[in-house]
There are 2 protein chains.
Amino acid sequence: MNIRVEDILRHNRLSITGSRKKILSLFLSHAGALAHGDIEKKAGEKFDRVTIYRTLQAFVEKGILHTIPTSDNNVRYALCNDECYEGHHHDDHVHFMCRLCGTTTCINDAYIPEVKLPRGYNALQVEVVVHGICKNCKK
Amino acid sequence: MNIRVEDILRHNRLSITGSRKKILSLFLSHAGALAHGDIEKKAGEKFDRVTIYRTLQAFVEKGILHTIPTSDNNVRYALCNDECYEGHHHDDHVHFMCRLCGTTTCINDAYIPEVKLPRGYNALQVEVVVHGICKNCKK
DNA sequence: TATGATAATGCAACAAAGTTGCAAAATATA
DNA sequence: TATATTTTGCAACTTTGTTGCATTATCATA
Ligand SMILES: [Mn+2]
Ligand SMILES: [Mn+2]
Ligand SMILES: [Zn+2]
Ligand SMILES: [Zn+2]
């Protein structure tokens, strides 16, 4: 696991530091998306709040993480797939937010539907967030 | 216009006050969605920040305004249609955010597509935000 | 339309979230 | 290992959002 983390950092020309290893491994070992606040808690008292902001920002810029649109003023982050690289995100997949457990998940194998817009609108990217009951909570 | 504003307030059992009239008329006279910050600017120095927060909150609860999901940690508000009422929103329409002018618009006449989710996921609401170039900027 | 009950507002004080500059520490490179 | 470069943590600050409460405005009705 640690090897994988360091590979990802190296591959993105990011120096290998404690906070980057810790934060990236949190995402690799956790199925859902994480907000800044979650990371602060999960990373413990080990890292400064500012470092976490800067690390997340660097990861988004490099195409390691993407942000997920929400109506609740609380940006969530999740791992990108392999097609994302510096400055070029291709995270066009559905996001699911569970009304019960609150987790946000990337649904990589759902088809993003075509949206027919009125005349004059030119679509470049379609973001879809589905709210409902997740796999785990349904049981 | 003022008559319409007061009617909406009365219809929603909200007392008719300066800030409510002002904020509601901003939405009625403005095509796109507005963030809290926009309203603070547009309403001038007339109203306290706290009053604006409370007014927006009241409008959302009453089904006069709805919030729009964004990836940028900046909640935008827009007028609901007539089917929304206290505690029951039905704002299932596409939202469009222009990459050039930054405006966010409700696209009421675009069909919200069905999303096929993997087994186990139960969808209750689908939010669609399209990013691109708007009607005005295309010209 | 005057009066009292009720609700909304503005203010102050606070909490939480996010930003910036900079010296110290860690990492990369040769 | 030595040096250049990058990252970190800290402090100070800004912006955003929340809460309690006294004052003021609105509403209902007599
Ligand atoms: Mn995702
Ligand atoms: Mn809308
Ligand atoms: Zn769940
Ligand atoms: Zn535009």
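Every chain is numbered from 1, with letters handed out A, B, ... down the list of sequences. Worth saying up front: this structure is predicted, and the values here are computed from it rather than measured.
- Remark: P of C:dA16 and CG of A:Asn74 are 14 Å apart, rounded to the nearest angstrom.
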Inset, instruction - Start with the C-alpha distance between B:Val5 and B:Leu28, add both sets of side-chain angles, then the distance that settles side chain to side chain contact (heavy atoms under 4.5 Å, CB included), and finish with yes or no. - result: CA-CA 8 Å; B:Val5 166; B:Leu28 286 167; 3.5 Å; yes

Inset, instruction - Report, as a single string ordered 5' to 3', how protein heavy atoms within less than 4.0 Å touch nucleotides 10-20 of chain D: B base, S sugar-phosphate only, - not at all. - result: BB----BBBBB

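- Between B:His131 and B:His95, the distance from one ring center to the other does not fall under 6.0 angstrom.
- Looking at B:Thr67 and B:Arg76, their side chains never come closer than 4.5 Å, going by heavy atoms from C-beta outward.
- Per the geometry, CG belonging to A:Leu56 stands 14 Å off P belonging to C:dA17, to the nearest Å.
- Among the nucleotides D:dG9, C:dT9, D:dT7, the one closest to any side-chain atom of A:Phe47 is D:dG9.
- A:Leu34 and A:Ile64 end up in the same hydrophobic cluster when Ile, Leu, Val, Met, Phe, Trp and Tyr side chains are linked at under 4.5 Å.
- One atom, NZ of A:Lys46, and another, P of D:dT7, lie 18 Å apart when rounded to the nearest Å.
- Rounded to an integer number of Å, the gap from B:Lys62 NZ to C:dA7 P is 11 Å.
- Atom-to-atom, CD of A:Glu61 to C1' of D:dT6 comes out at 15 Å; the value is rounded to the nearest Å.
- In this structure, B:Phe47 is not a member of the same hydrophobic cluster as B:Tyr53, with clusters built from ILVMFWY side-chain heavy atoms closer than 4.5 Å.
- Look at NZ on A:Lys22: it is 19 Å from C1' on D:dG9, rounded to the nearest Å.
- Regarding A:Arg10, its CZ atom lies at a distance of 17 Å from the C1' atom of D:dT6, rounded to whole Å.
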Legend entry - Check against side chain to side chain contact (heavy atoms under 4.5 Å, CB included), A:Arg49 and A:His36: CA-CA 9 Å; A:Arg49 221 157 41 88; A:His36 181 276; 3.9 Å; yes

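- One can place CD1 of A:Ile23 at 14 Å from C1' of D:dG9, the figure rounded to the nearest angstrom.
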Inset, instruction - Encode nucleotides 23-30 of chain C as B, S and - characters from 5' to 3', where the letter depends on protein heavy atoms closer than 4.0 Å: B to the base, S only to sugar-phosphate, - to neither. - result: ----SS--

Kindly list each side-chain donor-acceptor pair under 3.5 angstrom involving residues 99-123 of chain B, sequence neighbours excluded, with atom names and distances?
from	atom 1	to	atom 2	distance (Å)
B:Arg99	NH2	A:Gln125	OE1	3.0

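- Side-chain atoms of B:Asp92 and B:Val126, non-hydrogen and from C-beta on, never get closer than 4.5 Å to each other.
- Checked against a 6.0 Å centroid threshold, the rings of B:His93 and B:His66 count as neighbours.
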